[in-house]
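Beneath this line is the structure, given in structure tokens, with notes to follow.
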Amino acid sequence: MNQELYQYYIVDRAHRALRKPLGRDLGAEFASAGLCPEERMCRRFEIACAAETPAIMPFEKIVMRRSISALPDVFTEEEWETIKKDPYIHELGYVSNLSPNYEKIICKGLLAVYEESSKYQKRVIDALLGLCDRYRAEAEKQGREDLAEIFGRVPRQGARNFREALQFFRILHFFLWLEGNYHNTVGRFDQYMYPYFKQDMDAGIYTRETALELLEDFFVSFNKDSDLYVGVQQGDNGQSMVLGGLTPDGTDGFNLLSELCLEASCELKVIDPKINLRVSKNTPLWVYEKGTELTKAGLGFPQYSNDDVVIKGLERLGYDHEDAVNYVVAACWEFIIPGCGNDIPNISGVNFPLLVDRAIRAYLPTGGDFEGLIEETRKNIHAECERKIPLFKNVWFVPSHLMDLLRDGKKYNNFGFHGCGIASAADALAAVKTYVYDEKSVSAERLISALDANFENDPELLHLLRYEAPKMGCGKAVADDLGFWILDTFADALDGKTNDMGGIFRAGTGTAMNYLLHARKVGATADGRRAGEAYGTNFSPSLFAPVPGPLTDIESFTAHDLTRTMNGGPLTLEFDGSVFQNPDTIRKVAMLVKHFIDRGGHQLQLNTVDLDALKEAQKDPEGYRQLVVRIWGWSAYFVELDKEYQDHVMARQMYSV
Amino acid sequence: MKGLIFDIKEFALHDGGGIRDTVFFKGCPLRCVWCHNPEGLSRERELYIRKARCTNCGLCRTPCNHPDCAPFGRCLHICPQNLISVAGQEWECDALAEHLLRHKAIFDETGGGVTLSGGEPLLQADFCEALLLRLSGKVHVAIETSGYASEEHFWKVISKCDLVMMDLKLASPTAHKEFTGVNNDPILQNAKRLQKSGKEHLFRIPRIPSITDTEENLRALAEIAGESPVELLSYNTMAAAKYPNVGREFSRRIGKTGFEGDPTKFFQNAVCRK
Ligand code: SF4
Ligand code: SF4
């Protein structure tokens, strides 16, 4: 590893202090000039490029980092208020969660697409080239012939070798962020970079070691400016890289470059890029062992997704085979298509425990049977989906000239709904079925009065529902089956529904931050959850489910078919660091992951948690700046998180030796 | 037939090859001062209260009508933090076998299986034998034992296991009696029988500072182990934490320093494990 580089960018982060604000209120300037959105985005890009100062450190091979800090918005707050009145604005309004087609531009160069570009895109390319030329001049000034030569070639022309291709990627990625897009994902890096890599390896230009070192230099570049790429929390920045997986010609794409990417991540132990590994029934154990080595590093990735399930599921939703085969993940785990995908996979989320709670409260007093309660829940889920669907009309994004240049049309315009609190909702239904209907040991009045009182009037009932009742993830068919019934019902409710862009709605198993936000919208629930307590993240057991172990956990969450709920959202297993002691135990974890995939699980996240370190880090944040945890689909430095996110990580069910 | 089991651990990593479930049998004739499963010692069901987190709210002491709470003088169904449980669950042999065979697919895929541990499984030799009759041929079964049992009990169980992992603790009879409460003669006899039997086996030596982890003892155990494979296990001090939960006191007799240097050198065929 390049120690100097690591020390400067990862440990000291000295460059961050050198950044300067742009110092202009562009929103106000543009507003008073009465500029259209296209002009504003173009002009901000030009201004930002001009304001950037090239910086090249003697110890880095892959360059480009930000010298101006946060970008001023192109609209004023008042303007946003007006804008938001008519179209639907998703999140921040800027384009996000896309997987651009880097491959095409890296191969052809920007000049090749210049003529066919719009007038704004031409200006954007000019500004971009202007800054790149200043990088070349700086390289010449510093006597860095290697870089001067590279910038003499890319990004005007296509890359000729691995190093040029890596630098080209860095340029494109850097400018996508500078344009103001966010959650700019990396896509199938090991596939589109492989020809360059292979050519240079075959020519003997790199050994395995020198290629790894260059790759590490490149990986560090994702972390140079990541503090400027903030999402819900620091670390939620969408720099997801996908490795391995089926290729369009039907072969397994896992190659030496995929392997080196895993190794680079493992050595550097930095949170970006976030590694995703595509696997299938045919993936050999050694690939899982490589992945597990990375899990051991404690970064909360790789996240695994199962080609056997995902591709089928996407095809079922109407994606063409050649696109489905190329799937990648968005910022967290939503399945999207690179290049031609224009999906908004996180447009909304359905709060299942709330819907189940409403059904219980409305239906139980009527004295009907359990089938009736199920029917009531079904109606609630359908009604909630029907209520939400029309909210997402006339979606508008701030125009994005450079991003458009990296896209191949907008073939898929589907909207994804997260499915939140599935386990809590299933557990609530299972508890009511068991105690109110089957055993008849708890009356409807008693249950509802306890829910109203947040169980304070009935500690015995709390204990029963919370700790003794059947729960999803514990091998209890009653709870697992209800969980999958909820998923099916969710898929039914969205089936055949379309949006005004001609797309469909996709049901998912992810929560995003809703494991906290949605949980606040409902009081105590019949699974023994007290008011204010969080749900499990994504497709995972509730925080207090007495899960007997990872085997049962996996069996429960793969009990039935998952191909209908293909928006994404993993089962998460948390392990104590002691589990990864030696090659033998690493192999066993790898076997466990393989078992999950072979059973038809769709997506899996494994975290290594050192609870003692987390406790210490809360007391002494400065001493634990490099401590990483996985949140809901991304990894973060623990001490940079708000406390409620920290506490949730510490409360999750953990497996130890 | 019923057996008393105090835990079933999925994905046990150090109890044999592949992915395994380990079944912990309740009750042990030994009282090793370092034992890290104090809830496995008594042959009876007993209260297990995670005292470190108890707020003394008193709820569990309010009288209740649950029949299962009666023997314990505490209500088991009320603690808001779920700190109270009963160590020891009775399992019907068929039900336990069926429960373990649920994971047969992954055991087979990974060369794993089931491990019988404890406590001391041989203390429930008849139940073990009955369970083994239901498991053998279907899954790989390993056993972890102190070896402290009659020849009859020892033999009828281990002959049906695929792998035997047996502890060797102290070679000196007096020291063995002092630190484990029993004479080591039956253990040494069974160790010989095991070696002669041709069964796949492994001796395990817990390295307890100042007790078992001395040069003298290690050398003597190496004699006993001979060519057999040996695993030397380092001791972790976490053991003490569970003692108050079953109303026991942890011995203060464990010293701080053990053998320094590589203990495998005394043995013909040993590895160390953390
Ligand atoms: S109910 Fe729980 S917290 Fe309260 S005294 Fe009993 S064990 Fe302690
Ligand atoms: S033989 Fe094992 S279970 Fe029994 S007392 Fe000794 S250490 Fe504990």
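Below, chain A is the first sequence line, B the second, and so on; all start at residue 1.
In this structure, chain A has no heavy atom under 4.5 Å from any part of Asp15(B). Proximity to chain A (any heavy atom under 4.5 Å) is restricted, for His66(B), to the side chain, taken from C-beta onward. Residue Leu76(B) touches chain A through its backbone alone, counting heavy-atom pairs closer than 4.5 Å. If you measure heavy-atom distances from Arg599(A) to chain B, you find no contacts under 4.5 Å at all. Heavy atoms of Glu468(A) lying under 4.5 Å from chain B belong exclusively to its side chain.
Few gaps surround CD on Glu616(A); more than 12 heavy atoms of other groups in view lie less than 6.0 Å from it. For Lys242(B), the NZ atom is densely surrounded, since the number of other residues' heavy atoms within 6.0 Å is greater than 12. Residue Glu644(A) places its CD atom among more than 12 non-hydrogen atoms of other residues, nucleotides or ligands, all under 6.0 Å distant. Remark: Asn65(B) CG is loosely packed, at most 12 non-hydrogen atoms of other residues, nucleotides or ligands lying under 6.0 Å away. For Arg207(B), the CZ atom is densely surrounded, since the number of other residues' heavy atoms within 6.0 Å is greater than 12. In this structure, Lys2(B) places its NZ atom where only 12 or fewer heavy-atom neighbours from other residues, nucleotides or ligands lie under 6.0 Å away. Within a 6.0 Å radius of CZ in Arg61(B), no more than 12 heavy atoms belonging to other residues, nucleotides or ligands are found. No more than 12 heavy atoms of other residues, nucleotides or ligands shown are found within 6.0 angstrom of NE2 on His36(B).
With a 4.5 Å cut-off on side-chain heavy atoms, Asn82(B) and Phe544(A) do not count as touching. Taking 4.5 Å as the limit, every side-chain heavy atom of Arg20(B) sits out of range of all side-chain heavy atoms of Lys588(A). Proximity of Thr110(B) to His595(A): side-chain heavy atoms (C-beta onward) are nowhere separated by under 4.5 Å. Lys594(A) is not listed as a side-chain neighbour of Glu109(B), based on a closest heavy-atom distance of 4.5 Å or more. In this structure, the side chains of Thr552(A) and Arg102(B) come closer than 4.5 Å at one or more pairs of heavy atoms. At a threshold of 4.5 Å between non-hydrogen side-chain atoms, the residues Ile106(B) and Leu592(A) count as touching.
Proximity of a side-chain donor or acceptor of Tyr467(A) to a complementary backbone N or O of Cys79(B) within less than 3.5 Å is not detected. Glu10(B) contributes a side-chain N or O that, together with a main-chain N or O of Leu551(A), makes up a donor-acceptor pair within less than 3.5 Å.
Between His103(B) atom NE2 and Glu555(A) atom CD the span is 4.0 Å, to the nearest 0.5 Å.
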Does the pair Thr585(A) and His14(B) meet the rule for a side chain to side chain contact (heavy atoms under 4.5 Å, CB included), with working shown? CA-CA 8 Å; Thr585(A) 59; His14(B) 298 308; 3.6 Å; yes

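Gln81(B) and His463(A) share no side-chain donor-acceptor pair at under 3.5 Å.
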